[in-house]
Amino acid sequence: MFYQNYVRNFAKPIRILLKNNGLGASFSNYRTIVPLSTTKLALKDEKVKVTFVLHDGTRLETEGKVGDSLLDVVVNNDLNIEGYGACEGTLTCSTCHVIVSEKDYERLPDEPCDEERDMLDLAYGLTDTSRLGCQITLSKKLEGLEVRIPETINDVRS
């Protein structure tokens with residue numbers, strides 16, 4: 001009963017309000033999707049090619065959106081990298097540890113912050129070009145980035 005009264009009393013004024021604003025949304029047709037944003041839709045999402053090289057030599061070639069972290073790329077592409085990104089990018093573990101070539105390391109836009117360095121100190125197989133994947137944000141400048149995944153992970157939370 002409550003729902004019927006709600007729909008009768010509020011749906012029509014909302015529908016009229018949206019129609020008068022040029023949005024033309026109709027609550028009676030759920031298949032009609034009208035964006036409520038006044039900004040233009042983004043053009044095609046720019047993508048960057050990234051290759052993850054596992055410890056056994058397996059190459060996982062994929063793409064990520066500009067602005068995504070390497071952790072986002074692994075999750076969004078459902079890559080099978082055991083234990084990768086266990087803390088979901090909160091800088092409380094080192095499971096997304098990657099090793100970048102010196103050439104690619106120079107292309108990275110940011111230096112590691114203090115919290116990242118602290119986590120890297122606890123990572124397995126640390127090198128001078130080690131980074132946490134959750135802290136590497138993709139840009140067009142990183143097109144073709146290749147990172148190596150260490151043989152095992154050290155989850156510092158356990």
Side-chain angles (χ1 to χ4, degrees), residues 14 17-18 21-27 29-158:
I14 291 172
L17 179 66
L18 291 174
N21 283 328
L23 296 175
S26 171
F27 289 103
N29 182 355
Y30 292 105
R31 286 181 251 154
T32 302
I33 299 173
V34 177
L36 296 177
S37 173
T38 57
T39 60
K40 291 183 180 179
L41 293 175
L43 298 176
K44 292 182 182 176
D45 290 324
E46 291 189 75
K47 300 238 178 169
V48 176
K49 292 184 188 226
V50 180
T51 302
F52 294 87
V53 181
L54 304 182
H55 69 279
D56 64 0
T58 303
R59 299 174 63 82
L60 304 175
E61 296 178 1
T62 189
E63 290 183 329
K65 293 179 189 173
V66 169
D68 281 352
S69 70
L70 289 181
L71 176 57
D72 295 330
V73 174
V74 170
V75 171
N76 294 342
N77 291 291
D78 198 25
L79 299 181
N80 188 18
I81 302 176
E82 186 74 30
Y84 193 88
C87 76
E88 300 176 352
T90 60
L91 274 173
T92 57
C93 74
S94 60
T95 58
C96 63
H97 171 218
V98 296
I99 302 167
V100 184
S101 71
E102 285 189 38
K103 177 185 77 165
D104 284 340
Y105 192 84
E106 297 300 321
R107 294 193 300 160
L108 298 178
D110 301 318
E111 292 287 319
C113 65
D114 290 337
E115 291 85 2
E116 182 179 358
R117 284 189 184 104
D118 289 344
M119 288 298 110
L120 283 170
D121 285 341
L122 304 169
Y124 178 84
L126 185 65
T127 70
D128 290 339
T129 59
S130 288
R131 290 293 303 268
L132 295 181
C134 66
Q135 300 301 302
I136 297 175
T137 303
L138 295 179
S139 67
K140 286 306 273 180
K141 182 179 176 184
L142 294 178
E143 176 67 38
L145 179 67
E146 183 173 300
V147 297
R148 288 185 296 125
I149 306 296
E151 182 176 356
T152 189
I153 60 170
N154 181 22
D155 189 349
V156 299
R157 299 172 306 151
S158 52

**Student:** Closest heavy-atom contact between Gly89 and Cys134?
**Tutor:**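 Distance-wise, the nearest heavy atoms are CA-CB, 3.7 Å.
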**Student:** Taking side-chain contact (heavy atoms from CB on, under 4.5 Å) as the test, write out the residues that go with Thr51, two or more places apart.
**Tutor:**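 side-chain contact (heavy atoms from CB on, under 4.5 Å) check on Thr51 returns Val53, Arg59, Glu61, Glu146.
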**Student:** Show me the donor-acceptor pairs within less than 3.5 Å that the side chains of residues 71-79 make with the rest of the protein, sequence neighbours left out.
**Tutor:**
from  : atom 1 : to    : atom 2 : distance (Å)
Asp72 : OD2    : Ser69 : N      : 2.9
Asp72 : OD2    : Ser69 : OG     : 3.2
Asn76 : ND2    : Asp72 : O      : 3.2
Asn77 : OD1    : Thr62 : OG1    : 3.4
Asn77 : ND2    : Thr62 : OG1    : 3.3
Asn77 : ND2    : Glu63 : O      : 2.9
Asn77 : ND2    : Val73 : O      : 2.9

**Student:** After noting the C-alpha distance and the side-chain angles of Phe52 and Leu70, does the key distance pass the side chain to side chain contact (heavy atoms under 4.5 Å, CB included) rule?
**Tutor:** CA-CA 10 Å; Phe52 294 87; Leu70 289 181; 4.1 Å; yes
**Student:** Residues in side-chain hydrogen bond (donor to acceptor under 3.5 Å, both in side chains) with Glu116, at least two apart?
**Tutor:**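 If we apply the side-chain hydrogen bond (donor to acceptor under 3.5 Å, both in side chains) test to Glu116, skipping adjacent residues, the hits are Arg131.
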**Student:** What pairs with Glu88 under side-chain contact (heavy atoms from CB on, under 4.5 Å), at least two apart in sequence or on another chain?
**Tutor:**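 Here no residue qualifies.
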**Student:** First locate atom CD of Glu82, then atom OG1 of Thr152, and finally report the distance between them rounded to the nearest 0.5 Å.
**Tutor:**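 So the gap between those two atoms works out to 9.5 Å.
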**Student:** When rounded to the nearest 0.5 angstrom, what distance separates CD in Glu115 from OG1 in Thr90?
**Tutor:**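 Going from the CD atom of Glu115 to the OG1 atom of Thr90 covers 11.5 Å.
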**Student:** Quick one: side-chain hydrogen bond (donor to acceptor under 3.5 Å, both in side chains) partners of Asp56, sequence neighbours excluded?
**Tutor:** Thr58
**Student:** Between His97 (side chain) and Tyr124 (backbone), is there a donor-acceptor pair under 3.5 Å?
**Tutor:**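 Yes: the side chain of His97 pairs with the backbone of Tyr124.
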**Student:** Tell me, please, which residues at least two apart from Lys65 pass salt bridge (Lys or Arg N to Asp or Glu O under 4.0 Å).
**Tutor:**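 So Lys65 forms a salt bridge (Lys or Arg N to Asp or Glu O under 4.0 Å) with Asp45.
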**Student:** Between Ser94 and Leu132, which heavy-atom pair has the shortest distance, and what is it?
**Tutor:**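 Heavy atoms only, the tightest pair is CA-CD2, 4.0 Å.
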**Student:** Give a yes or no answer on whether the side chain of Thr95 reaches the backbone of Ala86 with a donor-acceptor pair at less than 3.5 Å.
**Tutor:**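 Answer holds: yes.
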**Student:** Kindly indicate, with the supporting measurements, whether the criterion side chain to side chain contact (heavy atoms under 4.5 Å, CB included) is fulfilled by Leu60 and Asn80.
**Tutor:** CA-CA 9 Å; Leu60 304 175; Asn80 188 18; 5.9 Å; no
**Student:** Can you name the residues that form a side-chain contact (heavy atoms from CB on, under 4.5 Å) with Glu106, not counting sequence neighbours?
**Tutor:**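 side-chain contact (heavy atoms from CB on, under 4.5 Å) check on Glu106 returns nothing, list empty.
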**Student:** Using the salt bridge (Lys or Arg N to Asp or Glu O under 4.0 Å) criterion, which residues pair with Asp114? Sequence neighbours excluded.
**Tutor:**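 Partners of Asp114 under the salt bridge (Lys or Arg N to Asp or Glu O under 4.0 Å) test: Arg117.
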**Student:** Mind checking side-chain contact (heavy atoms from CB on, under 4.5 Å) for Lys140 and listing every partner two or more places apart, or none if nothing turns up?
**Tutor:**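 Glu46, Val48, Val66, Glu143.
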**Student:** How long is the span from the CG atom in Leu120 to the CG atom in Leu91, to the nearest 0.5 Å?
**Tutor:**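 CG of Leu91 is found 9.0 Å from CG of Leu120.
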**Student:** Which heavy atom of Leu142 sits nearest to which heavy atom of Leu138, and what is that distance?
**Tutor:** CD1-CA, 4.1 Å
**Student:** For the side chain of Thr129 and the backbone of Ser101, is there at least one donor-acceptor N/O pair under 3.5 Å apart?
**Tutor:**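 No; judged by distance alone, with no hydrogens or angles, the pair does not exist.
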